[in-house]
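Right, one structure below, let's go through it.
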Amino acid sequence: AQKVTQAQTEISVVEKEDVTLDCVYETRDTTYYLFWYKQPPSGELVFLIRRNSFDEQNEISGRYSWNFQKSTSSFNFTITASQVVDSAVYFCALPLGTYKYIFGTGTRLKVLA
Amino acid sequence: DTGVSQNPRHKITKRGQNVTFRCDPISEHNRLYWYRQTLGQGPEFLTYFQNEAQLEKSRLLSDRFSAERPKGSFSTLEIQRTEQGDSAMYLCASSSVGETQYFGPGTRLLVL
């Protein structure tokens, strides 16, 4: 079965600290995509990254980086030098087929000034 | 370049009333999806369309729920005889086939 686990319900950090959000997944597929989305208080889910299971290279985009490890079925997300604007709920997602995304329960990140 | 839009953004209704939500996808996307999100949970898939055809409905979508996409552009989600358990955020997303889903701002429904 497809499943996404985000064990961290809530994380609080002080501005400028680095923080890592964990995502562990289960899938029977041999090739698949993984996603991260950000949901600020306004409610809209903002797409952050899509990763193909073929590519295990780490991805870096500004202060954001993603570590994909197939051996441990993890796709972790790190924010470097966190800012107050990073405060949001972050979701990891795994597609079931070509249309249905299975989301984790999310990690609420609070960045304190 | 406009994103996915949803209306209304907020809806408060009394139990037993009918409500209808609208979603306008990104114009070049032929797939449109509806998800429901309750407090403290991730979004859960409800249904999706490819052009005007509704191709899958989740078991979460009871007989009181109906979705349409009459011309393959905008979509509506109607809930008849609302119940308090229907209170949630209803999210719409769109994509091209096999591509990333982009989400709208959602409609927050509160059933009193």
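Order of the sequence lines sets the chain letters (A, B, ...), proteins ahead of strands, with each chain counted from 1. Excluded from the calculations below are hydrogen atoms, water molecules and symmetry mates; all remaining heavy atoms, backbone and side chain alike, are included.
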field: Contacting region of B:Q6 [heavy-atom separation from chain A under 4.5 Å]
entry: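 Contact with chain A involves no heavy atom of B:Q6 at all.
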message: What part of B:E99 gets within 4.5 angstrom of chain A, counting heavy atoms only: side chain, backbone, both, or neither?
response: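 Both parts, backbone and side chain.
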Answer yes or no: does atom [atom1] of [X] have more than 12 heavy-atom neighbours from other residues, nucleotides or ligands under 6.0 Å?
{"X": "B:L112", "atom1": "CG", "value": "yes"}
{"X": "B:K11", "atom1": "NZ", "value": "no"}
{"X": "B:K57", "atom1": "NZ", "value": "no"}
{"X": "A:R108", "atom1": "CZ", "value": "no"}
{"X": "B:I12", "atom1": "CD1", "value": "no"}

What heavy-atom pair brings [X] and [Y] nearest, and what distance separates the two atoms?
{"X": "A:Y101", "Y": "B:T100", "answer": "OH-CA, 3.6 Å"}
{"X": "A:T98", "Y": "B:R31", "answer": "O-NH1, 3.0 Å"}
{"X": "A:Y99", "Y": "B:E56", "answer": "OH-OE1, 2.8 Å"}
{"X": "B:P43", "Y": "A:L45", "answer": "CG-CD1, 3.6 Å"}

Is there a path of hydrophobic side-chain contacts, each under 4.5 Å between heavy atoms, that joins [X] and [Y]?
{"X": "A:F91", "Y": "B:L60", "answer": "no"}
{"X": "A:W36", "Y": "A:V111", "answer": "yes"}
{"X": "A:F103", "Y": "A:L48", "answer": "no"}

message: Measuring from atom CD of A:Q39 to atom CG of B:L91, what distance do you get when rounded to the nearest 0.5 angstrom?
response: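 Reported value, rounded in 0.5 Å steps: 6.5 Å.
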- prompt: Hey, what do you get for CD (B:Q101) to CZ (A:R50), rounding to the nearest 0.5 Å?
  reply: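 Between B:Q101 CD and A:R50 CZ, I get 10.5 Å after rounding to 0.5 Å.
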field: Contact winner vs chain A - B:F45, B:Y102, B:Y33, heavy-atom pairs under 4.5 Å
entry: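 Going by pairs under 4.5 Å, I would pick B:F45.
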- request: Answer with side chain, backbone, both or neither: which region of A:Q6 has an atom nearer than 4.5 Å to a non-hydrogen atom of chain B?
  value: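 Neither; nothing under 4.5 Å.
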B:F103 vs A:F47 side-chain heavy atoms within contact, under 4.5 Å: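 The answer is no; the side chains never approach within 4.5 Å.
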